[in-house]
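As the structure is a prediction and not an experimental result, all values here were calculated from the model.
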Amino acid sequence: MAPKNTAFDLQKCARPNILALEPYRCARDDYKDDGTNILLDANENAYGPGLALNEENKLPGANVNGTSDSSSAIDVDLLGLNRYPDPHQEDLKQLLCNLRNTHTHTPKTITPAHLFVGVGSDEAIDALIRAFCVPGKDKILTCPPTYGMYSVSAQVNDVSVVKIPLQTPSFELDVPAILKALDEDKSIKLAYLCSPGNPTGQLLKKEDVQNILEHGWNGVVVLDEAYIDFAPEGTSLAEWVSEWPNLVVMQTLSKAFGLAGIRLGAAFADPAIAQILNNMKAPYNIPNPTSQLARAALSPKHLEVMQRNKDLIIKQRDRLIEELPKITGIGKLHGGVESNFLLYTILDAPADQGGKPSNETALAVYEGLAEQKGVVVRFRGKEHGCLGCLRITVGTEKEVDRFLQEIRQMLEGIHNSTGKPGAKEEQRREKEANGVVA
């Protein structure tokens, strides 16, 4: 059929900032899962969902009509799928409050009025920008290296990004530089801080966050705590939103809870900000199955499973910290240890031969592991302060066994080889490495 003759011109009709948008590059863009790969690339929970499953990895005693014969059953109401879900999710919000009302940082108690729940943390990231930033005028502040979706959401909304890099090698906030930027540019409305950081794994200092909250700046500090359950007990600042009207704390069930597939995130905030976010959202943004699974995961029986899985991950994290330095060609641990991943430098030669962190070698290891060994990690060498770095998600004991074996052999092969990647291959790797990545 011949093309229709219309006046439509996509390049002139679509918004220029959208046409120029570099899409978010997620962990599965480079290497798909064929069912045999070991996926240590997306910071997922390798031990599975934090749900009390039976020996067949199924939910015990669950029925479809809201009845069950087990205290650990999850009743996914299939017969209710013809009805729209609860638009307010008060019960789910209360369970999230129960989880975070530790009274470690305040005697006050947070309530469902302090909560917005959305499709992962990404919905809150975008909603906050739409709520506080005028397109083409206002800005957000980020501290690279950090999560890529802050910048992507800003570009979608035609909002500029002011970048104040983390200090290296500590990956701590450069508080004087942040405060200076806030003083000099009143158009900055949001400061996105990641704690523990991605890809740094570094927990931010509470006093540094407080210094920014106390600063004479009419804006909001957004603290992304996606990985907070892998940090020491009591480090979440979620309940602190009851003390600070200019603080938002984002969390997710994708990491420690092992529920990335249900896409459930939360933003804790002063009730006034939470109300704005709830006013903006789509009326039925949380599907019934997502809500039902999330509420079950936050109940005592299933929280026990989450805690056991988390302990297993921490055990393997400690094992990686002990074993990786023994492998020739692995450099220093670069960053913190408060998450379910570690950031390590890869050297261009053994350390006793003067080896230095190398993006070329790190890329070769990254590609070789994925394409030849079926072990997928993440290359991070193009991010600020991360020269030659691979980010390694902590896997199960068997996955860590195989990873340690394969990376040892891969580095031996690379260091013993005299051949170097050709110019064309090097250009391809550079192009792949420049994307916005998870």
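The backbone N or O of Gln316 lies less than 3.5 Å from no partner atom in the side chain of Glu397, so there is not a single donor-acceptor pair. Between the Asn101 side chain and the Ile110 main chain, a donor and an acceptor come within less than 3.5 Å of each other. Here the side chain of His415 pairs a donor or acceptor atom with the backbone of Leu347 at under 3.5 angstrom. A donor-acceptor contact shorter than 3.5 Å links the side chain of Thr290 to the backbone of Ile262. Side chain of Lys310 to main chain of Asp229: a donor-acceptor pair is present (N/O by atom type, distance under 3.5 Å, no hydrogens or angles). Counting only distance, with no hydrogens or angles, the side chain of Glu338 and the backbone of Leu203 share a donor-acceptor pair below 3.5 Å. Asn278 contributes a side-chain N or O that, together with a main-chain N or O of Leu115, makes up a donor-acceptor pair within less than 3.5 Å. Here the side chain of Glu360 pairs no donor or acceptor atom with the backbone of Gly388 at under 3.5 angstrom.
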**Request:** Apply side chain to side chain contact (heavy atoms under 4.5 Å, CB included) to the pair Leu190 and Ile129, showing each step before the final yes or no.
**Result:** CA-CA 8 Å; Leu190 301 168; Ile129 293 175; 4.0 Å; yes

**Message:** Show, in sequence, the C-alpha distance, side-chain angles and deciding distance for Phe268 and Phe116, and conclude whether the ring-ring contact (aromatic ring centres under 6.0 Å, His included) test is met.
**Reply:** CA-CA 7 Å; Phe268 297 81; Phe116 165 82; over 10 Å; no

**Verdict with reasoning, Tyr147 to Tyr150, per ring-ring contact (aromatic ring centres under 6.0 Å, His included)** = CA-CA 7 Å; Tyr147 181 42; Tyr150 311 143; 5.5 Å; yes

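Taking 4.0 Å as the cut-off between side-chain N and carboxylate O, Asp86 and Arg295 do not count as a salt-bridged pair. A salt bridge is defined here as a Lys NZ or Arg NE, NH1 or NH2 lying under 4.0 Å from an Asp or Glu carboxylate O, and Lys326 with Glu323 meets this definition. With respect to the salt-bridge test (charged N to carboxylate O, under 4.0 angstrom), the residues Arg391 and Asp41 do not qualify. Between Lys205 and Glu172 there is a salt bridge, with a side-chain nitrogen of the basic residue lying less than 4.0 Å from a carboxylate oxygen of the acidic one. With respect to the salt-bridge test (charged N to carboxylate O, under 4.0 angstrom), the residues Arg317 and Asp311 do not qualify.
Ring-plane geometry between His334 and Phe171 is classed as perpendicular, the angle between the planes exceeding 60 degrees on a 0 to 90 degree scale with a lower cut at 30. Between Tyr84 and Tyr284, the ring planes lie parallel to each other; the angle is under 30°, not in the 30° to 60° tilted range.
Note: Arg130 CZ to Asn157 CG = 6.5 Å, rounded to the nearest 0.5 Å. Separating the CE atom in Met149 from the OG1 atom in Thr142 is a distance of 13.0 Å, to the nearest 0.5 Å. Interatomic distance, OG1 of Thr361 versus CG of Asp348, reported as 5.0 Å (0.5 Å rounding). The distance from the OG atom of Ser121 to the CD atom of Glu225 is 10.5 Å, given to the nearest 0.5 Å. Note that the OG atom of Ser195 and the CG atom of Leu193 stand 8.5 Å from one another [nearest 0.5 Å].
Side-chain contact check for Gln251 and Ser236: at least one donor-acceptor pair (N or O, by modelled atom type) lies under 3.5 Å.
Val209 has its side chain out of reach of Trp244: every pair of non-hydrogen atoms, C-beta onward, lies at least 4.5 Å apart. Counting heavy atoms from C-beta on, the side chains of Thr146 and Asn198 never come closer than 4.5 Å. Between Gln405 and Gln409 there is a side-chain heavy-atom pair separated by less than 4.5 Å. Pro289 places a side-chain heavy atom less than 4.5 Å from the side chain of Leu81. Using a 4.5 Å heavy-atom threshold, the side chains of Leu213 and Trp240 count as touching. Looking only at side-chain heavy atoms (C-beta outward), Lys281 and Leu277 stay at 4.5 Å or farther from each other. Using a 4.5 Å cut-off on side-chain heavy atoms (C-beta onward), Tyr47 and Thr396 make contact. Taking 4.5 Å as the limit, some side-chain heavy atom of Met250 sits within range of a side-chain heavy atom of Ile125.
Heavy-atom contacts from other residues, nucleotides or ligands closer than 6.0 Å to NZ of Lys206 number more than 12. Atom NZ of Lys332 has 12 or fewer neighbouring heavy atoms from other residues, nucleotides or ligands inside a 6.0 Å radius. Within 6.0 Å of NE2 on His88 lie no more than 12 heavy atoms contributed by other residues, nucleotides or ligands. Atom CD of Glu233 has 12 or fewer heavy atoms from other residues, nucleotides or ligands within 6.0 Å.
Residue Tyr344 is tested with Ile321, Ile407, Leu320 for a side-chain contact (heavy atoms from CB on, under 4.5 Å); the sole match is Ile321.
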